[in-house]
Amino acid sequence: MLCSHFVHHLRACAKLSSQSLGQKLHAQIIKLGLQQYGPLPNSLLEMYGKCGVMGDALQMFDEMPQRDIVSWASTLTAYNHAGLPRRSLSIFAEMWEHDRLQPDHFVIASLVKACASLGDVRLGKQVHAYFVRSPFYDDDVAKSSLVDMYSKCGFPHHARTVFNLIRVKGTVSWTALISGYAQTGRKGDALELFSRMPVKNLLSWSALISGLVQSGHGIDAFSIFMKMRKETDHGIDPFILSAIIAACANMAMLELGKQVHCLALALCLDSNLFVSNALVDMYAKCSDLLAAKSIFTNTRERDVVTWTSIIVGTAQHGQAKEALSLYDEMMLDGVKPNEVTFLGLIYACSHVGLVSKGRHLFNSMSKDYGIRPSLEHYTSLLDLLSRSGHLGEAEELLKTMPYEPDEAAWAALLSACRQHKNTKVAVRVADHLLCLGPKDPSTLILLSNTYAAASMWERVSKVRKLMSVMDFRKEPGCSCIELAKESQVFYAGDSSHPMKDQLLGLLKELDEEMRKRGYVPDTSYVLHDLEQHEKDLLFMDIVWAACMLHASKLP
DNA sequence: GTAGGGTTAG
């Protein structure tokens, strides 16, 4: 009787994440000498795990005289909860070694979840294989976890296959699949499935909306958000709000972002860390750095994302020194940087040519914080070295780094060689690229121009042949700005704008002003067989966006 | 004792 009372209350603490109440119950249990009685050790373990007190959860586990499958499953959940999926996976082997226990469907579902959070589909498939051969192969919850894993790893097709095998499809299964479709940009599938979904809750709407935001369908995400507001009674929580703020950020829609900010204030959700982090990022991406800084300053409990958002935002607005001193402040504040922080910092160095500082940060990342540099970090360092003219070092890094450099990486170096007019390295890099069999049209243009500049006409014609056999279409570049509550999009070579004549006039004025001050456009990187006036016209496209920005500031 | 949504880069 007494025991089931404790089990019941401990479970409530686990659900509510109420650590202090849980500890009080634990104290009473010890006083009564019941700490090893019946299901209580497992209940205590579960409570500490779900409250995020990993140390105490593990102590419970270690002190158990006898561990059953539930003890192992709860430990797995605790590790998942604490964001330690690798530890979860190592349990798979330990269960058998220590206690001769085979994973059941509870354990399998948790293992799959660990694979999902690591984004490791290879391991996920192994667990899947184990599952279908186990006596639990028919369990719907484990299948649902597989749907989630395949969705998170970017394989919605596999997720669909498992989904179809679920006998009783609950809201969780539907949501997991819809999320997979939305995140991978399969808008049609996501919407179709969502409309067929029998019971929708706030999480289902949220999964669809945030998935669409992540795959760049901000407008659709917004209209679904409005639909939810209109047609349902679901409230707005910090999850959905931060997704909507991110949508404004990605589309650089400042006015809309401000309105969502007001919504956050009205709902008293602006003090939520996820919401304020999203706001810092939104204002920075919308070029209102002052507003971003003000949100940042007013955020009391700043975490690594808050700091990283302001550092990246500051760096992207050219204030590299300021970004670096924010990093110093962050360390004084005792916040540990993560891999994104370092990307922002190296980016900052890259844009003002702080080569040795950038190198130092790159090394500090692994030495001081144990973060293994990713391909992106190497690319960022490469960018720093090549922009600043350290071409030899950049080439060396490209060859020795622990990742296989792709076409874009080599092309970036080549482009830098041309900017620094280093023909010798340029030709060497170009030859290497040519061997790789380049596929990107802009790489081919770059190659053609490199060889043309070095008067290597045979290779020019070789590149031209490569161009002619492929479907040579380059996505046109475009710029987008918000002007009087409307978004204006301009494509390169676009001449359909109703204000074309006024715009071109202003553009010409700006161009003349630039030339007067000694800024002559460098058109040498444009395709070589264009006439000079055609090159100038192309250049006009490049300043088009700058011109529009200017126009938007006119009264 | 198991499964679904959120912020930072590219």
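As the structure is a prediction and not an experimental result, all values here were calculated from the model.
Following rounding to the nearest Å, A:L273 (CG) and B:dT7 (C1') show an atom-to-atom distance of 8 Å. Computed from coordinates, the A:D303 CG to B:dG6 C1' distance equals 12 Å when rounded to whole Å. One atom, CZ of A:R302, and another, P of B:dT8, lie 18 Å apart when rounded to the nearest Å. Remark: C1' of B:dT7 and CD1 of A:I311 are 15 Å apart, rounded to the nearest angstrom. Remark: P of B:dG10 and CD1 of A:I346 are 12 Å apart, rounded to the nearest angstrom. Taking atom OH on A:Y181 and atom C1' on B:dG4, their separation rounds to 16 Å, with Å as the unit. Taking atom CZ on A:F274 and atom P on B:dG6, their separation rounds to 9 Å, with Å as the unit. As rounded to whole Å, 13 Å separates atom P of B:dG10 from atom CG of A:L375.
Side-chain atoms of A:A278 lie closest to B:dT7 of the nucleotides B:dT7, B:dG4, B:dG10. Checked against B:dA3, B:dT8, B:dG5, the side chain of A:S206 finds its nearest nucleotide in B:dG5. Here the nucleotide nearest the side chain of A:T308, chosen from B:dG4, B:dT8, B:dG6, is B:dT8. The nucleotide whose nearest atom lies closest to any side-chain atom of A:Y347 is, among B:dA9, B:dG4, B:dG10, B:dG10. When each of B:dT7, B:dT2, B:dG4 is scored by its nearest atom to the side-chain atoms of A:T171, the top-ranked nucleotide is B:dG4.
Within residues 234-247 of chain A, the residues having any heavy atom closer than 4.0 Å to DNA chain B are, in order of number, A:D237, A:P238, A:F239, A:S242.
Interface remark: the A:S145 side chain does not form any donor-acceptor pair with the B:dA3 base, using a distance-only criterion of under 3.5 Å. A:N201 contributes a side-chain N or O that forms a donor-acceptor pair with the base of B:dG4 under 3.5 Å.
Here A:E63 pairs with A:Q59 under the side chain to side chain donor-acceptor pair (under 3.5 Å) rule; sequence neighbours left out.
Across all their heavy atoms, A:A323 and A:I311 have their closest contact at CB-O, 3.7 Å. Minimum heavy-atom separation, A:Y403 to A:S374: OH-CA, 3.3 Å. Of all heavy-atom pairs between A:L177 and A:P156, the closest is CD1-O, 4.0 Å.
With A:P41 as the partner, the side chain to side chain contact (heavy atoms under 4.5 Å, CB included) test is satisfied by one option alone out of A:E46, A:M64, A:Q66: A:M64.
Residue A:D140 is out of contact with every strand shown, counting any heavy-atom pair closer than 4.0 Å. Contact annotation for A:D148: backbone-only contact, meaning every heavy-atom pair under 4.0 Å involves sugar-phosphate atoms and none involves a base. Residue-level contact check: A:K152 touches the backbone only, with heavy atoms under 4.0 Å from sugar-phosphate atoms and none from bases. Here A:K169 lies out of heavy-atom contact (under 4.0 Å) with every strand. When heavy atoms are screened at a 4.0 angstrom cut-off, A:V141 is found touching base atoms of the nucleic acid. Here A:S276 lies out of heavy-atom contact (under 4.0 Å) with every strand. A:I310 comes within 4.0 angstrom of nothing in the nucleic acid, heavy atoms only.
Contact between the side-chain N/O atoms of A:Q183 and the OP1/OP2 oxygens of B:dG5 is not found at any separation under 4.0 Å. Between A:Q316 and B:dT8, a side-chain N or O to OP1/OP2 separation shorter than 4.0 Å is absent.
The main-chain N or O of A:K50 is found under 3.5 Å from a side-chain atom of A:S17 such that the two form a donor-acceptor pair.
Comment: A:E192 does not engage A:K187 in a salt bridge, judged by the lack of any side-chain N to carboxylate O separation of less than 4.0 angstrom.
Between A:F61 and A:W72, the distance from one ring center to the other falls under 6.0 angstrom.
Within the structure, side-chain hydrogen bond (donor to acceptor under 3.5 Å, both in side chains) pairs that include any residue of residues 103-123 of chain A do not occur (at least two apart or interchain).
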